[in-house]
Number of protein chains: 2
Amino acid sequence: MSTVAGGGRRADAVRNRKLALDAAIALLSEPGATLTVEAVARKAGLGAGTVVRAFGGKDALVDAAVSRLLQPVVARARDLLAQTGPEQALRVFLAELIAFQSSHHLISEQLGGLDLPATTTLRAELVRAVEDMIAAARRDGVVRADLEPEVIAVLIGESAFAIARSSTTSGELADAYITVMMDGLRPQ
Amino acid sequence: MSTVAGGGRRADAVRNRKLALDAAIALLSEPGATLTVEAVARKAGLGAGTVVRAFGGKDALVDAAVSRLLQPVVARARDLLAQTGPEQALRVFLAELIAFQSSHHLISEQLGGLDLPATTTLRAELVRAVEDMIAAARRDGVVRADLEPEVIAVLIGESAFAIARSSTTSGELADAYITVMMDGLRPQ
DNA sequence: AATCAATTGGAATGTGCGTTCCAGTTAGCC
DNA sequence: GGCTAACTGGAACGCACATTCCAATTGATT
């Protein structure tokens, strides 16, 4: 992270950076919104130039916003694993992950073609957390041992995102996905 | 003997439409290609205007190309179900669907934001074919009865596309997906 | 061969972006 | 309160596209 507070920058610059970030985050949660620099600037009450300058480019802005959103998700995965049995943790996390993605589907649309280092790192951490869940569940004998935890984690990461994108309305699809997935992951 | 089967259009217009369509299809199969009107025109040896005019717009061109590519996939699904047991048909089709998508990942990238009626219809047909497989397998008692075939079909449609997108290299991921999915679909 | 409507290439136009620039404003320091 | 460098808004610019336009060409009909 570049700066916590100040860093030699003027107070208004720091404040505006926060405004722009908040606006971008808000837009990511708004269904049907378009994440353009202009839209962020309007929502933040700033000029387009100010928004770009605060982050050095649109990519960095999106990166900051998305990773800010993703952070609690990763933390939640860790918490669940620490507090619950791995199987239950995985089931609950899957449901929450899909719900999160459903209400922020702009995220996955933005991921294409942009360079988002922080987001990429965080996504890897998320996969890693799932991998730990799988590994723990496997030690308990409740997840099949003929597939590598890493492969399963990636599998879940990819497919869950896809399910989330098209289950904005139903919820039935998400439930079916979790059911099939959890059953398919059990030792056969 | 002047008009070909093309509604009174001139022979060169018909020929050029075919050239543009072939070029678009070729580009969809080329990794890393960009599907712009200009790119299609260059590959077809035509002017940009000619390409657009032949279809009335880029959307219609992409729609024609994608649905042309999707057609044999749907046919294959029907064939498999007619010639093999439903469970085996589903397993083989899943593998082929993912392989197809892997080598045409531009398709799913183009699907966003464009209006593609023929493609939408064909995709629905594909889901319908999978639904029939599931229904048949369920009658045989090899697929769980607590989930609706329609839901399972959509589930497969969405998740398979996602797996395909990120399994361009490995193949390991696709195998794991099929294994987990098939096991998860069995009566528990 | 002559005629003419259909068709063509590719330059011009329109659009939606991100980015850059700059005259004016403001925060921070004496 | 002044001075100065940082910062701001938003217009101007650049870029990547799809689309439209039109003078030149070509297929079809006679």
Side-chain angles (χ1 to χ4, degrees), chain A residues 2-3 5-24 27-28 32-66 106 109-117, chain B residues 1-24 27-28 30 32-66 106 109-116:
Chain A
S2 45
T3 47
R9 299 179 311 166
R10 242 168 58 175
D12 53 348
V14 174
R15 179 177 51 83
N16 286 337
R17 186 192 151 100
K18 185 178 264 297
L19 282 175
L21 183 56
D22 288 347
L27 281 180
L28 279 173
T34 56
L35 193 58
T36 64
V37 170
E38 187 111 7
V40 172
R42 204 177 320 120
K43 172 151 287 224
L46 302 170
T50 305
V51 171
V52 170
R53 218 175 313 106
F55 289 86
K58 189 202 177 180
D59 287 16
L61 166 60
V62 175
D63 195 26
V66 172
L106 250 188
E109 282 167 34
Q110 286 300 325
L111 254 55
L114 265 56
D115 182 39
L116 311 176
Chain B
M1 265 306 288
S2 46
T3 49
V4 197
R9 295 178 314 168
R10 240 167 58 176
D12 53 348
V14 174
R15 180 177 49 84
N16 286 338
R17 186 191 151 100
K18 182 178 266 298
L19 282 175
L21 183 56
D22 287 348
L27 281 181
L28 279 174
E30 248 171 53
T34 56
L35 192 58
T36 64
V37 169
E38 187 109 7
V40 172
R42 203 176 323 118
K43 173 150 285 224
L46 302 170
T50 306
V51 171
V52 170
R53 219 176 312 106
F55 288 87
K58 190 201 175 181
D59 287 17
L61 166 61
V62 175
D63 195 27
V66 172
L106 249 188
E109 280 167 34
Q110 286 301 323
L111 254 56
L114 265 56
D115 182 40
L116 311 175

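Residue numbers start from 1 in every chain, and the chains themselves are labelled A, B, ... in the order their sequence lines are given, proteins ahead of strands. Keep in mind that this is a model prediction, so the values were computed, not measured.
- Taking A/Asp22 as the reference, A/Lys18 meet the side-chain contact (heavy atoms from CB on, under 4.5 Å) condition, with sequence neighbours excluded.
- Whole-Å rounding puts the A/Asp12 CG to D/dA5 P distance at 17 Å.
- DNA chain D is contacted by B/Thr36, B/Val37 of residues 36-43 of chain B, taking any non-hydrogen atom closer than 4.0 Å.
- When rounded to the nearest whole Å, the span between CG of B/Leu27 and C1' of D/dC17 equals 15 Å.
- When rounded to the nearest whole Å, the span between CG of B/Asp115 and P of D/dA18 equals 16 Å.
- Less than 4.0 Å separates DNA chain C from at least one heavy atom of each of the following residues of residues 49-59 of chain B: B/Gly49, B/Thr50, B/Arg53.
- Looking at every heavy atom in both residues, B/Ala24 comes nearest to B/Leu61 through CB-CD1, 3.9 Å.
- A donor-acceptor pair is defined here as one N or O able to donate and one able to accept, closer than 3.5 Å; no such pair exists between the side chain of A/Asp59 and the backbone of A/Leu114.
- Across the protein-nucleic acid pair, A/Leu46 atom CG and D/dG9 atom P stand 5 Å apart, rounded to whole Å.
- Residue B/Asn16 is the one, among A/Ala11 and B/Asn16, whose nearest nucleotide of DNA chain C lies closer to the 5' end (criterion: closest heavy atom).
- Nucleotide D/dG9 holds its C1' atom 15 Å from the CG atom of A/Leu19, rounded to whole Å.
- For DNA chain C, the span of nucleotides reached by chain A at under 4.0 Å from its heavy atoms goes, 5' to 3', from C/dC17 to C/dG28.
- The side chain to side chain contact (heavy atoms under 4.5 Å, CB included) test with B/Leu106 singles out one residue from B/Val66, B/Leu28, B/Val62, and that residue is B/Leu28.
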Below 3.5 Å, can you tabulate the donor-acceptor pairs from side chains in residues 34-58 of chain B to any protein atom, sequence neighbours excluded?
unit_1, atom_1, unit_2, atom_2, d
B/Thr36, OG1, B/Ala39, N, 3.0
B/Lys43, NZ, B/Glu30, OE2, 2.6
B/Lys58, NZ, B/Leu35, O, 2.9

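- B/Asp12 pairs by the side chain to side chain donor-acceptor pair (under 3.5 Å) definition with B/Arg10, not counting sequence neighbours.
- For B/Leu35 and D/dA18, the CG to C1' distance is 12 Å, given to the nearest whole Å.
- Computed from coordinates, the A/Arg15 CZ to D/dA6 P distance equals 18 Å when rounded to whole Å.
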